[in-house]
Protein chains: 4
Amino acid sequence: MSERDEGQLVGTFPSIPKQIRAQQKRLALLESGRSLFIKKGYEQTTAKDIASYAGVATGTFYRYFSDKRQLLLALLEDKMEKLMPPVPNWMHRNPEQLLASLLENYNNSLEAIGIHRVLPELLPKDPELSEVMLEARKSLHARIYKGLQSAKDEGLTWKDLDLDIVAWTIILMVENSPEKAEQSGSPLEYDEMAKVICRLVFPPQIMEKLCVSKAESKR
Amino acid sequence: MSERDEGQLVGTFPSIPKQIRAQQKRLALLESGRSLFIKKGYEQTTAKDIASYAGVATGTFYRYFSDKRQLLLALLEDKMEKLMPPVPNWMHRNPEQLLASLLENYNNSLEAIGIHRVLPELLPKDPELSEVMLEARKSLHARIYKGLQSAKDEGLTWKDLDLDIVAWTIILMVENSPEKAEQSGSPLEYDEMAKVICRLVFPPQIMEKLCVSKAESKR
Amino acid sequence: MSERDEGQLVGTFPSIPKQIRAQQKRLALLESGRSLFIKKGYEQTTAKDIASYAGVATGTFYRYFSDKRQLLLALLEDKMEKLMPPVPNWMHRNPEQLLASLLENYNNSLEAIGIHRVLPELLPKDPELSEVMLEARKSLHARIYKGLQSAKDEGLTWKDLDLDIVAWTIILMVENSPEKAEQSGSPLEYDEMAKVICRLVFPPQIMEKLCVSKAESKR
Amino acid sequence: MSERDEGQLVGTFPSIPKQIRAQQKRLALLESGRSLFIKKGYEQTTAKDIASYAGVATGTFYRYFSDKRQLLLALLEDKMEKLMPPVPNWMHRNPEQLLASLLENYNNSLEAIGIHRVLPELLPKDPELSEVMLEARKSLHARIYKGLQSAKDEGLTWKDLDLDIVAWTIILMVENSPEKAEQSGSPLEYDEMAKVICRLVFPPQIMEKLCVSKAESKR
DNA sequence: TATGAATGAGGATTCATTCAT
DNA sequence: TATGAATGAATCCTCATTCAT
């Protein structure tokens, strides 16, 4: 143990500041947990697995997290906020393009995190976690709902638009698109999805206008 | 339980024949497994749990199933076929009504089974199961696709209808509707969902025609 | 069940007398136990195995035997007596021939029984059984000892013959000869073994005399 | 236990280094297994038993051994080599003395190990183990055979000596002597056994010569 | 603070034995 | 008397968590 530092004389940093090293270890564990959860599922991943994949000892795991579950919650918290897309402004520009990029962005972040895959395994038995996720989803729903609401107020949408169901449909498509991509093998057709969503929201003639005007404004 | 015996009046059999009793026990275990899987998740449910919830001893479980996983597979096989809805014939009658009833039926069966909730927990670690489910989903997709295809061929749909994505969206809505109902607390709005789907598929003027003609034909 | 007897009219034996059938069942179980014990070892053999190999139901086993162990004891008792060879009379005839045939006989009975193979597994944990076996062995030892004793009294043996050790050596050879045969692959060389034993007991000149006189008496 | 530390005076290490402690634990488990196997038989001994008799928790057992069987194999490997006696050189000195001491040595090691008692229980169901033991026995046989062969080549033995059977008889005597001692209650008469064996191998006049010359050479 | 050996509760599974039919 | 399904205690083994170093 001591030899490791022998070469360090004057002028070298005696060590990376403790807090930072600890932080790195914590991150390593988080990342290790994330990737093992995704690879093997939550239950199949043991604390020991996570520790050794992160290159630390079992006991060290418990210095940073009280528990496997807590690591998962930390992962969620860490990443959740990044998953909140902005309220779309449907008048802003060509809505299909807008949606396509929103979809792509959201999907990328989601994929970057990936923990959504283990959630179904846990929700039934962990009401707190369930609550957390439900909140997140509600908040996402609210965001989309709000965007749709203003579009509807502007008279842009189908008159009888059921905001709730459409918002929910959009969320479904977004959340499940990674899986779809996997199964179909083809890269995601974000614009196809966007087209579908637009059709749900805007009558054809409005779509045309929106596109035209946006196209014009681009000039 | 008691209704089951209603038909038995005078001269009832002193005992239910062995095979039937065994079959009942098997079914009790299946049902017990199903309900515990849904309630507590697959991993959290032990063979002992399933047995005692079914009112039998641990060892009895192993007379009927080689293990927990096999019980799950039996559940799937037992029920899978019931989940295949007929290819919808869009010209048959008012498509919204058609869809609403299809949705309701499918949803009822799905709910009656309920195992779809434990699948996400298992798929990552059980490739065989994964395969089974993927096949089921593909077959469902194909069925819907086919229905849409004929509608498109008839010129009933949007000209640029992306059959694949729309079929997939419909599946998503169907599969997730139970969850939605739970979260919103309100009973499922099948007709709202049907309306949304119809909007994805049929241009408004066609919808009108379809509805009118069907309404007329009803007279 | 009932059809089985339908063909029986007047004059046929209504059934084999009950006691005899029961006895047959008992024997079937004994034989089944014996052969499974030999094949798979005592611990590895379950009561159920024994019953089904004997073609009866599990419960039936317990009508005839209180227990796996008791079946084994029954096997031992049943067969033990058959294992007691007569006290050899060394003056009777050519001792090598005498021994060779004794060895062969004993070995054949032992092999026919075969349970000696499971005993080592049980002796440590079953003092009663241990006792039984020890007695049997002592009795065998006594028998051989007695034969040697009279030979020694007649002045036929080495003067300093250690009866105990020689008797014991003989038992060892007898008991282990089946295994030896198995391993060497060759059929047992009973006469070689007999020759060795004779050398242990008789000085060469006596051997010669014995053989000569026996050979003469044969004329 | 305490003698082991005798050399440590002032400044003893506050703790035995990890590897050594682990090794000790492993040895404790081995010893515990050995003694329980002997006392209760292999099947009757559970991993839990072994662990608690060794003063550790159940789980610890599984850190050091993958299961009971592996512990047994380790015992065998650990000790097997110690059981290989040197090829006896019959001309070296008084053969009776030579044999007696060989017997005593071998017997002591065998006794110190003691696992030979559980083997019969396992051999039928564990072909690999069976193989290992068969090899060991063959090697022992070969060793004795070789010694006898050279003696025969020197013309020291009976002309018609059947090397195979005699070697086998010697092995039997050696392997079973502990049991004999137990049953007779008396300490082992190694010299009596040695005398018996010598009688199997050497004609009386040769024995005399050998003894005389050795006695002389001692002067 | 880091380590990883040790712990032991708890899940999966088997099987001797009972008992309703 | 025969059956074989049912029982549940007892085994094997894993893994979350602790703790001495």
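A note on names: the letters A, B, ... follow the listed sequences, proteins ahead of strands, and every chain is numbered from 1.
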Exercise. Atom CZ of C:Phe61 and atom P of E:dC19: how far apart are they, to the nearest Å?
Worked result: 18 Å
Seminar exercise, completed: Whole-Å distance, D:Glu43 CD to E:dC15 P, equals 10 Å
Exercise. How close or far is atom P of F:dA5 from atom CG of B:Leu29, stated in whole angstroms?
Worked result: 14 Å
For this session: Could you tell me the separation between the CD1 atom of B:Ile50 and the C1' atom of E:dA12, rounded to a whole number of Å?
Result: 12 Å
Problem set entry | Atom-to-atom span, CZ of C:Arg69 to C1' of E:dA16 - whole angstrom | 15 Å
For this session: Taking B:Ser32 for its side chain and B:Ile50 for its backbone only, find out whether a donor-acceptor pair lies under 3.5 Å.
Result: yes
For this session: Tell me what B:Tyr64 touches on the nucleic acid: a base, only sugar-phosphate, or nothing, going by heavy atoms under 4.0 Å.
Result: sugar-phosphate
Exercise. What is the distance from OH of C:Tyr53 to P of F:dG4, rounded to the nearest Å?
Worked result: 19 Å
Exercise. For D:Thr60 and E:dT7, is the shortest distance between a side-chain N/O and OP1 or OP2 below 4.0 Å?
Worked result: yes
Exercise. Hey, is the main chain of B:Ser66 close enough, under 3.5 Å, to the side chain of B:Gln70 for a donor-acceptor pair?
Worked result: yes
Exercise. Hey, what do you get for CZ (A:Arg69) to OH (A:Tyr42), rounding to the nearest 0.5 Å?
Worked result: 7.0 Å
For this session: Please work out if A:Thr46 contacts a base, only the sugar-phosphate, or nothing of the nucleic acid, heavy-atom cut-off 4.0 Å.
Result: sugar-phosphate
For this session: Taking only the side-chain nitrogens and oxygens of A:Lys25, find out if one of them lies under 4.0 Å from OP1 or OP2 of E:dA2.
Result: yes
Exercise. Can you tell which of C:Leu72, C:Leu75, C:Leu29, C:Leu71 makes a side-chain contact (heavy atoms from CB on, under 4.5 Å) with C:Arg34?
Worked result: C:Leu75
Problem set entry | Side-chain N or O of D:Thr58 closer than 4.0 Å to phosphate OP1/OP2 of E:dG8 | no
Exercise. Taking atom P of F:dA20 as reference, at what distance in whole Å does atom CZ of A:Arg63 sit?
Worked result: 14 Å
Exercise. Of B:Gly59 and D:Ala57, whose nearest nucleotide on DNA chain E comes first from the 5' end?
Worked result: D:Ala57
For this session: Give a yes/no on whether any side-chain N or O of C:Lys48 is located under 4.0 angstrom from OP1 or OP2 of F:dG4.
Result: no
Seminar exercise, completed: From CZ of A:Arg26 across to P of E:dA2 the rounded distance in Å is 14 Å
Seminar exercise, completed: Between C:Tyr62 and B:Ser66, the residue closer to the 5' end of DNA chain E by nearest nucleotide is B:Ser66
For this session: Could you grab the distance from atom CG of B:Leu30 to atom NZ of B:Lys25, nearest 0.5 Å is fine?
Result: 14.0 Å
Exercise. Can you tell me the Watson-Crick or wobble partner of F:dT21, both distances under 3.5 angstrom?
Worked result: E:dA2
